[in-house]
Amino acid sequence: MARVILDPDTARRLRDGMARGVLSFPLTSFHDDGTLDPDGFRAHVAAQIATGPGALFPACGTGEFFSLDEDEYRQVVTIAVDEAGGRLPVVAGIGYGWAQAVRFARIAEEAGADALLVLPHYLVAAPQDGLVAQLEQIAARTRLPLIAYQRGQVAFGVSAFRRVAEIPGVIGLKDGHSDLDRLQRLTLAAPEGFLFFNGASTAEIQARAYATVGVPAYSSAVHAFAPEIANAFFTALGDGDDGTVEKLLRDFYVPLVELRDRVPGYAVSLVKAAARLRGRPVGPVRAPLTDPSAADLADLERLLASGLDLVGADL
């Protein structure tokens with residue numbers, strides 16, 4: 001198969017965006033009956049872009065990629081690209097086995113996405129050679145740059161990572177394991193210009209630690225429902241304002257994580273619920289996720305109001 005020739009501008013735009021703001025992972029809007037709500041999604045994405053994120057990642061984990069069929073995926077990515085209008089990079093999620101991932105990659109190409117985030121493959125554990133081969137197969141079949149995502153059953157050792165970084169088309173790695181020893185070894189083994197992203201759940205909790213190993217850029221689920229808080233944290237972190245960083249961590253982010261950890265799937269469900277509390281047209285989650293209980297929703301509303309008050313914003 002022919003090697004991929006990439007637009008070198010994509011990595012530069014992503015790098016510039018990562019330095020400018022948090023990475024936005026928009027929620028996918030559904031109607032109450034579970035069908036896709038394109039108009040709600042368009043409004044949500046427009047609101048996200050207006051708050052100045054560094055890049056837009058539609059149809060990824062927070063966007064319930066795993067719940068979308070191919071037609072819905074096409075609509076989601078197309079709307080995101082349309083709303084972005086070239087002002088910031090759009091990186092669409094793809095996943096499952098490489099054959100299915102390529103089907104989504106082709107849809108994202110046609111929709112005008114700038115790059116692809118390769119979510120962990122479905123179900124099975126795999127050896128390092130297989131993890132590398134998965135990316136090789138996808139990269140050989142798309143014109144778009146790839147960002148690998150190590151999380152769950154995907155974790156690269158240094159040797160395998162070096163091979164990944166040599167694949168034409170692979171420009172970055174998003175890490176969700178928070179193994180800073182391993183991650184430091186990977187950053188030291190990376191070629192010049194290779195991109196790294198902090199993809200830990202509620203990434204702000206570990207943002208300072210990730211930055212110490214050379215990974216300052218991070219995705220923010222909080223940005224999907226409280227960009228005022230997410231942007232205040234990002235600014236404080238960049239300015240070295242440890243007092244503000246620690247106050248936000250102690251009084252908002254840590255309680256949010258404790259609430260998130262009550263029920264599996266709350267990493268997405270709580271984010272959607274918080275967005276709904278603020279009147280955002282995102283709708284419910286799709287099964288197998290479940291919306292928060294009444295008691296947890298009440299706790300979330302109190303925490304959200306408190307967090308917004310910390311940065312001088314209203315619910």
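Note that the numbering runs from 1 along the sequence shown for the chain. The shown structure was predicted, so the numbers you read here are calculated from the model rather than taken from an experiment.
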Short side-chain donor-acceptor distance under 3.5 Å, Arg260 and Ser201: no
Is it true that the side chains of Gln75 and Thr78 contain a donor and an acceptor less than 3.5 Å apart?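 No pair is found: no donor N or O on one side chain lies under 3.5 Å from an acceptor on the other.
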State plainly whether the residues Arg141 and Glu109 are in salt-bridge range, i.e. N to O under 4.0 Å. no
Under a 4.0 Å N-O cut-off, is there an ion pair linking Arg42 with Asp39? no
Tell me whether Arg182 contacts the main-chain N or O of Phe156 through its side chain, where contact means a donor paired with an acceptor under 3.5 Å. yes
Do Tyr210 side-chain atoms and Leu180 backbone N/O form a donor-acceptor pair below 3.5 Å? no
Quick one: which residue pairs count as a ring-ring contact (aromatic ring centres under 6.0 Å, His included) with a foot in residues 247-293, not counting sequence neighbours?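 Every ring-ring contact (aromatic ring centres under 6.0 Å, His included) pair that includes a residue of residues 247-293, provided the two are not neighbours, is Phe233-Tyr253.
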Quick check: do [X] and [Y] have side-chain heavy atoms less than 4.5 Å from each other?
X	Y	answer
Arg163	Gln128	no
Phe66	Leu119	no
Leu310	Ile229	no
Glu301	Leu315	yes

Could you give the distance from CG (Leu297) to CZ (Arg276), rounded to the nearest 0.5 Å?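 Reported to 0.5 Å precision, the distance equals 7.5 Å.
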How far apart are the C-alpha atoms of Val154 and Val118, what are their side-chain angles, what is the distance that settles it, and do they pass the side-chain contact (heavy atoms from CB on, under 4.5 Å) test? CA-CA 11 Å; Val154 177; Val118 183; over 6 Å; no
According to the interplanar angle, ranging from 0 to 90°, do the rings of Phe197 and Phe57 count as parallel (below 30°), tilted (30 to 60°) or perpendicular (above 60°)?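 Taking Phe57 first and then Phe197, their aromatic rings stand perpendicular (interplane angle over 60°).
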Please test Arg106 against Glu70 for salt bridge (charged side-chain N to carboxylate O under 4.0 Å, His left out), starting from the C-alpha separation and ending with a verdict. CA-CA 11 Å; Arg106 288 172 179 160; Glu70 291 181 15; over 6 Å; no
If you look only at pairs with a residue in residues 47-66, which of them pass as a side chain to side chain donor-acceptor pair (under 3.5 Å), with sequence neighbours excluded?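 Non-adjacent pairs meeting side chain to side chain donor-acceptor pair (under 3.5 Å): Ser24-Gln48, Gln48-His223, Thr51-His223, Glu64-Lys272.
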So which atom in Gly199 and which in Tyr149 form the shortest heavy-atom distance, rounded to 0.1 Å?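 For Gly199 and Tyr149, the tightest heavy-atom pair comes out as O-OH, 3.3 Å.
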Applying ring-ring contact (aromatic ring centres under 6.0 Å, His included), name anything that partners Phe65, two or more places apart in sequence or on another chain.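 Phe65 satisfies ring-ring contact (aromatic ring centres under 6.0 Å, His included) with Tyr73, Tyr96, Phe104 only.
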